[in-house]
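A short write-up of the structure that comes next.
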Amino acid sequence: MKAQELAALEADLNRRETDIRRREEAVSGAVVRTDKRNWPPCFPIIHHDIAKEIPIHAQKLQYLAFLTWLGIVLCLVFNVVAITVCWIKGGGVKIFFLAIIYAFIGCPLSYVLWYKPLYNAMRTDSALRFGWFFMFYLLHIAFCIFAAIAPPVIFRGKSLTGILAAIDIFSDSAFVGIFYLVGFGLFCLESLLSFWVLQKIYSFIRGNK
């Protein structure tokens, strides 16, 4: 039994040593890597390299968080598509411009306010950055839930593809209503996935890896 405990302790120490070495390498080359934009590969606009910069035991969580960021981008882009269809069918140009604003502001802000802070927190194990991430990630989840419901607050809620807007749209056009239902499904999935990732990251910080 003691041999197994010693082996487990040695493995844990080796893992910690590897993580420390990786972080030291990341810090020593931070200036070079930060300046190198490498994602997306077709048109690099940000620096992103989970495999090389994030400790091995945290990479899975970082990939999951990255998936939720891609998810909100997909939700907002599809929201523009659905609202464009609604506008063409006579829904009004105001909801189209609002959808464009949501996408153009929401995509970069979500990256800057919660995804990048988490990325940096995983690299440096910074409690402050983790706190920043949690604050804005909760706002992200709240927005996804709000969008999935789409209460009639702004232009009867039709600028977001939520369930209430979909029900309202169906009375005018079933074709447009289908687009809204798909958008509703995407926002629901994003909400559930984000909440699950939030729990996983909280457990990770508490040491329940």
Side-chain angles (χ1 to χ4, degrees), residues 12 15-16 18-19 22-23 26 30 33-34 37-41 44-82 99 102-151 160-163 180-209:
D12 184 61
R15 178 183 62 78
R16 291 176 182 272
T18 302
D19 289 344
R22 183 184 294 273
R23 286 174 183 172
R33 283 195 292 266
T34 301
R37 299 175 180 179
N38 59 355
W39 195 91
I45 56 176
I46 61 173
H47 174 76
H48 191 258
D49 198 344
I50 293 176
K52 291 183 179 179
E53 296 182 335
I54 304 300
I56 295 174
H57 68 284
Q59 288 182 8
K60 182 179 178 181
L61 276 179
Q62 191 65 47
Y63 279 118
L64 287 174
F66 186 54
L67 182 62
T68 64
W69 181 69
L70 293 178
I72 190 60
V73 171
L74 174 63
C75 288
L76 292 174
V77 170
F78 185 83
N79 188 71
V80 171
V81 174
Y102 298 153
F104 272 86
I105 294 179
C107 293
L109 276 186
S110 58
Y111 177 81
V112 171
L113 293 179
W114 60 260
Y115 181 73
K116 190 61 176 179
L118 176 65
Y119 188 92
N120 290 331
M122 289 294 194
R123 287 178 60 185
T124 61
D125 199 22
S126 169
L128 180 63
R129 286 171 174 168
F130 273 120
W132 184 275
F133 159 76
F134 277 115
M135 179 174 64
F136 284 101
Y137 202 63
L138 285 171
L139 290 177
H140 156 73
I141 294 175
F143 170 77
C144 291
I145 295 173
F146 179 86
I149 299 171
L160 290 168
T161 54
I163 186 62
Y180 272 68
L181 281 180
V182 173
F184 161 68
L186 289 175
F187 277 118
C188 284
L189 287 175
E190 177 68 9
S191 300
L192 293 173
L193 179 61
S194 297
F195 186 74
W196 179 66
V197 169
L198 181 71
Q199 288 182 314
K200 299 287 282 186
I201 294 175
Y202 179 75
S203 297
F204 171 81
I205 295 173
R206 292 290 298 268
N208 299 323
K209 300 185 276 290

> Side chains of Leu138 and Leu198: closer than 4.5 Å at any heavy-atom pair?
Replying inline: yes
> What residues form a side chain to side chain contact (heavy atoms under 4.5 Å, CB included) with Leu109, not counting sequence neighbours?
Replying inline: Ile105, Leu113
> Taking atom CE of Met122 and atom CG of Leu61, what is their separation to the nearest 0.5 Å?
Replying inline: 5.0 Å
> Considering only heavy atoms from C-beta outward, does the side chain of Cys188 approach that of Phe184 to under 4.5 Å?
Replying inline: yes
> Who pairs with Phe136 by ring-ring contact (aromatic ring centres under 6.0 Å, His included), at least two apart in sequence or on another chain?
Replying inline: Trp132
> So, does Gln62 use its side chain to make a donor-acceptor pair with the main chain of Ile50 at under 3.5 Å?
Replying inline: no
>> Could you report the tightest heavy-atom contact between Ala121 and Arg129, atom names first, then the distance?
In response: CB-CB, 3.7 Å
> Could you walk me through whether Leu186 and Thr161 pass the side chain to side chain contact (heavy atoms under 4.5 Å, CB included) check?
Replying inline: CA-CA 9 Å; Leu186 289 175; Thr161 54; over 6 Å; no
Under 3.5 Å, which donor-acceptor pairs do the side chains of residues 64-78 form with other protein atoms, sequence neighbours left out?
| residue | atom | partner | partner atom | Å |
| --- | --- | --- | --- | --- |
| Thr68 | OG1 | Ala65 | O | 2.6 |
| Thr68 | OG1 | Tyr137 | OH | 3.1 |
| Trp69 | NE1 | Cys107 | O | 3.4 |
| Trp69 | NE1 | Ser110 | OG | 2.9 |

>> Can you tell me how the ring of Phe143 sits relative to the ring of Phe187, calling it parallel under 30°, perpendicular over 60° and tilted otherwise?
In response: perpendicular
> Side-chain contact, heavy-atom cut-off 4.5 Å: Leu118 with Ile201?
Replying inline: yes
> Looking at CG of Asp49 and CZ of Arg123, how far apart are the two atoms once the value is rounded to the nearest 0.5 Å?
Replying inline: 9.5 Å
> Who passes side chain to side chain donor-acceptor pair (under 3.5 Å) against Tyr63, sequence neighbours left out?
Replying inline: none
> For Tyr119, which residues count as a ring-ring contact (aromatic ring centres under 6.0 Å, His included) partner, sequence neighbours excluded?
Replying inline: His48
>> If the condition is side chain to side chain contact (heavy atoms under 4.5 Å, CB included), which residues does Pro41 pass it with, not counting sequence neighbours?
In response: Trp39
> Does the side chain of Phe204 come within less than 4.5 Å of Lys60's, by heavy atoms?
Replying inline: no
>> Using 0.5 Å steps for rounding, measure from the CZ atom of Phe134 to the CH2 atom of Trp114.
In response: 12.5 Å
> Would you say His140 and Glu190 make side-chain contact, with heavy atoms under 4.5 Å?
Replying inline: yes
